[in-house]
Amino acid sequence: MAASPKSLINEKDVAEERIRREMLENIFNAMDCCIYISDLETDEILFVNKKMRNDFHLGADIKNLKCWQVLQVGKTERCAYCKKPRLLENPDEPVSWEDDANTLGRAFSVIDRLIDWPGGKKVHMQQCSDITESKRSSAMLQLALTEAQSASRAKSDFLSRMSHEMRTPMNAIIGMTAIGHSAADIEKKDYAFEKINNASKHLLGVINDVLDMSKIEANRLELTHDDFAFDKMLQKAVNVINFRMDERRQSLNIHVDKNIPPSLTGDEQRLAQVITNLLANSVKFTPEKGAIRLDAQLLSEEDGVCRVMISVTDTGIGMTEEQKGRIFRSFEQAEAGTSRQYGGTGLGLSISKRIVELMGGEIWVESEKDKGSKFSFTVLLKRGTGIPKPIEESDAFYRGNEDFSGNRILLAEDMEINREIVRALLEPMNLTLVCAEDGVQALRIFEASPDQFDMIFMDVQMPEMDGYESTKRIRELDTPYAKTVPIVAMTANVFREDIERCMRAGMNGHVGKPVNMEEILTVLKKYCKKK
């Protein structure tokens with residue numbers, strides 16, 4: 001019996017709907033996002049694409065289940081945040097949102113919309129794309145941006161402080177120079193010179209802090225490992241800030257554990273720098289007639305390695321918890337007004353932290369607002385192998401009674417003002433100083449009469465020929481004395497790598513600028529004949 005025309009039309013419609021449905025399902029299965037289709041009235045799942053089946057680990061028998069039964073385990077009713085009510089109110093407006101509270105624990109960008117589905121009815125389609133990584137990257141990017149902006153602000157504040165910290169002593173130097181120049185009586189001139197000296201030392205300290213911080217930022221801060229006397233190191237650190245305590249009429253009590261070995265091996269200069277920084281902070285933030293205490297204690301010793309703890313306690317202004325969290329960060333101080341009220345670069349504690357860490361220790365602070373502070377740090381130092389040299393007052397300062405008559409020194413220095421300074425410093429010692437204005441001239445003068453010079457002070461950065469090359473050429477001269485004549489660098493290049501380069505060039509020692517009379521005297525005693 002032949003089929004009726006009406007049944008043929010129905011079969012054709014069913015076939016076309018099947019084709020349209022298969023086409024839609026193929027398109028959805030090919031898409032790189034999760035898609036499911038549900039019935040608007042019953043919320044039953046009609047279709048789930050392959051991407052969603054794989055990502056949500058869905059089985060094949062999910063048809064006729066409610067959407068929340070499939071996607072929200074344990075749910076017994078429609079989700080409170082379901083977008084279907086909004087879609088029914090505005091059928092032509094898709095709803096976009098983000099879901100980060102799903103069973104996968106990931107973040108999705110979701111779009112809900114109503115679409116025509118084969119069979120002649122509207123259905124709910126949800127399309128979601130995984131944005132976990134991009135959201136995480138965005139959050140990390142935002143965090144990095146926030147941190148970068150914070151660091152930028154800190155460095156801007158730091159540069160502002162540096163401008164103030166450098167201009168203030170420079171203003172004192174320039175102003176007091178003018179006052180001293182025009183002063184008629186000696187007392188006023190001496191007063192101006194004293195202020196110039198103090199301002200110069202302060203400015204040098206600022207410059208040294210900036211240089212140290214630049215080395216830390218470049219990861220180029222290194223330590224030496226030499227024997228030193230622990231008591232002598234402490235005395236040097238205390239001597240640096242004694243005059244400030246005297247000015248503020250503050251008391252200092254020092255307690256040193258007798259079990260600390262008299263001789264230790266480590267970087268004496270850097271250790272003293274940390275102690276000086278902590279003492280200087282206490283002096284600065286402790287009111288007049290306040291008390292400061294320095295304690296040194298041996299915590300342990302194992303296989304010749306000593307763990308030493310040093311603490312500086314004061315009766316100063318103290319800090320809040322928030323301030324304590326910031327003070328060891330680079331370019332920061334406890335609060336914005338600190339530099340205006342108390343001065344300082346804000347670098348001392350961050351430099352100290354890095355030095356202590358390089359020494360195998362840690363640094364921390366205990367403090368309460370208006371109740372003082374206690375800074376403590378530990379370091380690992382080997383028990384020393386040498387006998388510490390006793391502290392002699394005569395070694396610490398030049399008394400003007402050294403006589404090096406008969407000694408001739410060659411000074412290679414291109415700056416006239418520096419030649420004048422060295423000449424003035426050496427003049428009381430009765431030695432003969434011959435000056436060369438560059439490396440070429442120094443080589444020529446020495447080559448002409450090498451046996452006349454007991455030693456050479458060699459600047460490094462000079463025109464025509466620098467100090468490294470000049471030293472190398474002198475060592476290559478065809479005379480035995482050229483191989484052994486003491487050559488000491490006198491230069492503003494004071495980083496460890498600079499000193500090592502001087503040694504590789506054939507020099508015997510190094511004196512940094514600004515020149516220190518104690519260093520010069522030590523060099524002269526080592527290489528010149530004393531009358």
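Count residues from 1 along the sequence.
Checking side-chain atoms of N407 against main-chain N and O of F404 turns up a donor-acceptor pair under 3.5 Å. Between the side chain of D438 and the main chain of P463, no donor-acceptor pair closer than 3.5 Å is present. A donor-acceptor pair under 3.5 Å is absent between the side-chain atoms of K188 and the main chain of A183, judged by distance alone. Listed for the R248 side chain is a donor-acceptor partner under 3.5 Å among the backbone atoms of V283. K483 contributes a side-chain N or O that, together with a main-chain N or O of L477, makes up a donor-acceptor pair within less than 3.5 Å. The closest donor-acceptor contact from the side chain of D314 to the backbone of I292 lies at 3.5 Å or more, if one exists at all. With Q323 contributing its side chain and T320 its backbone, the two residues share a donor-acceptor pair below 3.5 Å. Side-chain atoms of T265 do not come within 3.5 Å of backbone N or O of H225 as any donor-acceptor pair. Between the side chain of K324 and the backbone N or O of V365 there is no donor-acceptor pair closer than 3.5 Å. Of the possible polar contacts, one joining the R475 side chain to the G506 backbone as a donor-acceptor pair under 3.5 Å is found.
Residues D498 and T491 bring no donor and acceptor atom of their side chains to less than 3.5 Å of each other.
Annotation: the span from S263 atom OG to K232 atom NZ amounts to 11.5 Å, rounded to 0.5 Å. Atom OH of Y527 sits about 13.5 Å away from atom CG of D454, to the nearest 0.5 Å. Here the straight-line distance linking atom CG of D459 with atom OG of S470 works out to 10.5 Å at 0.5 Å rounding. Within the model, atoms CG of D414 and CG of D466 stand 11.0 Å from one another, a figure rounded to the nearest 0.5 Å.
Enclosure of atom CD in E366 by more than 12 non-hydrogen atoms of other residues, nucleotides or ligands within 6.0 angstrom is indicated. No more than 12 heavy atoms of other residues, nucleotides or ligands shown are found within 6.0 angstrom of CD on E420. Counting heavy atoms of neighbouring residues, nucleotides and ligands inside a 6.0 Å radius, atom CD of E133 exceeds 12 of them. Heavy atoms from other residues, nucleotides or ligands lying under 6.0 Å from NZ of K513 number more than 12. Crowding of K472 atom NZ: a count of heavy atoms from other residues, nucleotides or ligands under 6.0 Å not exceeding 12. The neighbour count for Q269 CD, taken as heavy atoms of other residues, nucleotides or ligands under 6.0 Å away, does not exceed 12. Counted within 6.0 Å of CD on E357, heavy atoms from surrounding residues, nucleotides or ligands total more than 12; the atom is thus considered enclosed. Annotation: H181, atom NE2; neighbour count of heavy atoms from other residues, nucleotides and ligands within 6.0 Å does not exceed 12.
A salt bridge links K236 with E268: at least one charged nitrogen is closer than 4.0 Å to a carboxylate oxygen. At a threshold of 4.0 Å, the pair D246-R244 does not count as salt-bridged, since none of the basic side-chain nitrogens sits closer than that to a carboxylate oxygen. Looking at R419 and E437, a side-chain N of the basic residue comes within less than 4.0 Å of a carboxylate O on the acidic one, giving a salt bridge.
Of all heavy-atom pairs between I327 and F375, the closest is CD1-CE2, 3.7 Å. Minimum heavy-atom separation, T313 to K374: OG1-CG, 3.3 Å. Between M319 and S367 the shortest heavy-atom distance is N-OG, 2.9 Å. Closest approach of D227 and G384 over heavy atoms only: OD1-CA, 3.8 Å.
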Subject >> Step-by-step salt bridge (Lys or Arg N to Asp or Glu O under 4.0 Å) determination, R293 to D295 >> reply: CA-CA 7 Å; R293 178 185 172 106; D295 290 279; 2.7 Å; yes

**OP:** Report the C-alpha distance between E301 and R307 in whole Å, list the side-chain angles of each, state the deciding distance to 0.1 Å, and finish with yes or no for salt bridge (Lys or Arg N to Asp or Glu O under 4.0 Å).
**Re:** CA-CA 6 Å; E301 182 177 356; R307 186 166 179 255; over 6 Å; no

Original post:
Can you list the steps and then say if E427 with R423 is a salt bridge (Lys or Arg N to Asp or Glu O under 4.0 Å)?
Top reply: CA-CA 6 Å; E427 186 177 10; R423 186 181 290 111; over 6 Å; no

Original post:
Is there a side-chain hydrogen bond (donor to acceptor under 3.5 Å, both in side chains) between Q441 and R444 once you walk through the steps?
Top reply: CA-CA 5 Å; Q441 196 176 109; R444 187 164 55 245; 5.9 Å; no

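By the 4.5 Å heavy-atom criterion applied to side chains, I474 and I487 are counted as neighbours. You'll find the side chain of D403 stays beyond 4.5 Å of the side chain of M429, heavy atoms only. Counting only heavy atoms from C-beta outward, the side chains of T432 and Q452 never approach each other to under 4.5 Å. Counting only heavy atoms from C-beta outward, the side chains of P428 and N430 never approach each other to under 4.5 Å. Under the 4.5 Å side-chain criterion, counting only non-hydrogen atoms from C-beta, W364 is in contact with S376. Counting heavy atoms from C-beta on, the side chains of C306 and P261 come closer than 4.5 Å.
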